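Small disclaimer: the values here were computed from a predicted structure and weren't measured.
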Amino acid sequence: MISEWKKIEKKQFAPIYLIIGTEDYIINETKKRLVAGILDTEDTDFNYANFDLDETAIEQVVEEAETIPFFGDRRLIIASNPTFLTTEKTKSKIEHRTARLEDYLNEPVDYSILVFIARLEKLDERKKLTKLIKKQATIIDAKRPNEAELRKWLQGVSGANEFQMDNTATDRLIELTGGQLTTAMNELDKLMLYKLEERAIDTSDVESLVVRSLEQNIFLLLDKMIALDISGALSIYYDLLKQKEEPIKILALIASQFRLLTQIKLLEKQGFSQQQVAQKLKVHPFRVKIGARQAKSFSYQELTMTLEKLAQMDFEMKTGYGDKAQKLEWFLFSLQDQRKIQRMN
């Protein structure tokens, strides 16, 4: 995919592109590079078209691609949601005459760049049209990178911008952004801007500048509890309250994390790998990695007992019984006591 970006920068365009995957950063970056490489500012209005195939028939898209450009050399046509390449059912009432597209794929014009964006993990390989478009198009893989790929990606971008960022800082950036490429890249841009003079990013920079999501704060809060750092856990909790996060919402996320730990514990006992667990539970592999590490500190019985406590607290909060913020405080103290007893045993 990086090699295709380099070709685009050199204005070596393919007549047809097919972007497959759900990673927004790769999709948006590819679109941005194509727009910058193909279109001049003054002819964007004339030679650029963006279609949603849930709302527009494919024959109209093909017609647009076959239209000769105005005041420029090339046209850029983007078509999203090609559900006719999948088994996915759609509520759209649009009927696509795909024979027109087949003809175009076999003989694309040389003055238009046609880009299909399929925000899916995979297409239906059994379909004749899918086979044809994959044969004729340049494929850009927009799948979410795994941890190793994400680390390589971040260090590659920082290196290309003449920044030094060691493995510890990179790993912390990945952890604080939940293994999400789009979020990690946004935070890396911010870090590079902040350290523009020094050209070096260390762990302390990541810790102080990267914005933690609410979910990431919950992960960190549980890490503090597992380490018996009650003051650290309470500090995170009080910060969340200062940010006007509702105790019921915080409780719901804590419960969600404990449910995940329970599921991971159960599936690992059954012999599933972390990758298999992620696929089975349909969650990001990085979240499973963090969850597996946290789950090691609890027995299955402790996890189920904690879930029962959280369910009771949720009922009490929603029925107006007691002070909501204080209830979560007492939960954190009780979880710490539970951890101390386990360590003594």
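Under a 4.0 Å N-O distance rule, the pair Lys32/Glu29 qualifies as a salt bridge. With respect to Lys327 and Asp323, no salt bridge is recorded, no charged nitrogen being found less than 4.0 Å from a carboxylate O. Using a cutoff of 4.0 Å between basic side-chain nitrogens and carboxylate oxygens, Arg74 and Asp110 are not scored as salt-bridged. Taking 4.0 Å as the cut-off between side-chain N and carboxylate O, Lys143 and Glu23 do not count as a salt-bridged pair. We find that Glu149 and Arg144 are not joined by a salt bridge, their nearest charged nitrogen and carboxylate oxygen being 4.0 Å or further apart. A salt bridge links Glu66 with Arg100: the distance from a Lys NZ or Arg NE/NH1/NH2 to an Asp or Glu carboxylate oxygen falls below 4.0 Å. Look at Glu125 and Lys131 and you find no salt bridge, because none of the NZ, NE, NH1 or NH2 atoms lies under 4.0 Å from a carboxylate O.
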Under the criterion side-chain contact (heavy atoms from CB on, under 4.5 Å), I'd like the reasoning laid out for Leu18 against Leu123: C-alpha separation, chi angles, the key distance, then a yes or no.
CA-CA 11 Å; Leu18 174 60; Leu123 304 179; 3.9 Å; yes
Criterion side chain to side chain donor-acceptor pair (under 3.5 Å) on Gln312 and Glu316, from CA distance to verdict:
CA-CA 6 Å; Gln312 180 62 30; Glu316 291 174 359; 3.1 Å; yes
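The aromatic rings of Phe46 and Phe70 are tilted relative to each other, their planes meeting at an angle between 30° and 60°. Note: Phe286 and His284 have perpendicular aromatic rings, judged against thresholds of 30 and 60 degrees for the angle between ring planes.
Among all heavy-atom pairs drawn from Ala292 and Gln274, the shortest one is CB-NE2, 3.5 Å. Here the closest heavy-atom approach between residue Gln276 and residue Ser273 is recorded as OE1-N, 2.8 Å. The minimum heavy-atom distance linking Lys265 with Ala295 is given by the pair NZ-O, 2.9 Å. Of all the heavy atoms in Asp205 and Lys195, the pair that sits closest is OD2-NZ, 2.7 Å. Contact record, Ile20 with Leu120: CG2-O, 3.6 Å, taken as the closest heavy-atom pair. Closest heavy-atom contact between Leu34 and Tyr17: CD2-CE1, 3.9 Å.
Glu102 pairs with exactly one of Lys128, Lys135, Lys127 by the salt bridge (charged side-chain N to carboxylate O under 4.0 Å, His left out) rule, that one being Lys128.
In this structure, the side chain of Glu55 does not engage the main chain of Asp52 through any donor-acceptor pair within 3.5 Å. In this structure, Asp229 contributes its side chain and Met225 its backbone to no donor-acceptor pair below 3.5 Å. A donor-acceptor pair under 3.5 Å is formed between the side chain of Asn28 and the backbone N or O of Asp24. Ser299 places a side-chain N or O within donor-acceptor distance of the main-chain N or O of Glu302, the cut-off being under 3.5 Å. The backbone N or O of Gly291 sits nowhere less than 3.5 Å from a side-chain atom of Gln294 that would complete a donor-acceptor pair. Side-chain N or O atoms of Lys309 include none that pairs as donor or acceptor with a backbone N or O of Phe331 at under 3.5 Å. Counting only distance, with no hydrogens or angles, the side chain of Tyr104 and the backbone of Glu63 share no donor-acceptor pair below 3.5 Å. Although no hydrogens or angles enter the test, the distance criterion places a donor-acceptor pair under 3.5 Å between the side chain of Thr304 and the main chain of Tyr300. Proximity of a side-chain donor or acceptor of Thr30 to a complementary backbone N or O of Ile26 within less than 3.5 Å is detected. No side-chain donor-acceptor contact under 3.5 Å links Lys31 to the backbone of Ile78.
Within 6.0 Å of CD in Gln270 there are more than 12 heavy atoms belonging to other residues, nucleotides or ligands.
In this structure, the side chains of Gln155 and Asn167 come closer than 4.5 Å at one or more pairs of heavy atoms. The closest side-chain heavy-atom distance from Val206 to Leu176 is below 4.5 Å.
Two different hydrophobic clusters hold Ile94 and Phe84 under the rule that ILVMFWY side chains link at heavy-atom gaps under 4.5 Å.
If you take CZ on Arg293 and CZ on Phe219, they are separated by 10.0 Å, rounding to the nearest 0.5 Å.
Judged purely by distance below 3.5 Å, without hydrogens or angles, the side chains of Thr177 and Glu187 never pair a donor atom with an acceptor atom. Judged by distance alone, the side chains of Ser204 and Asp202 do bring a donor and an acceptor atom under 3.5 Å apart.
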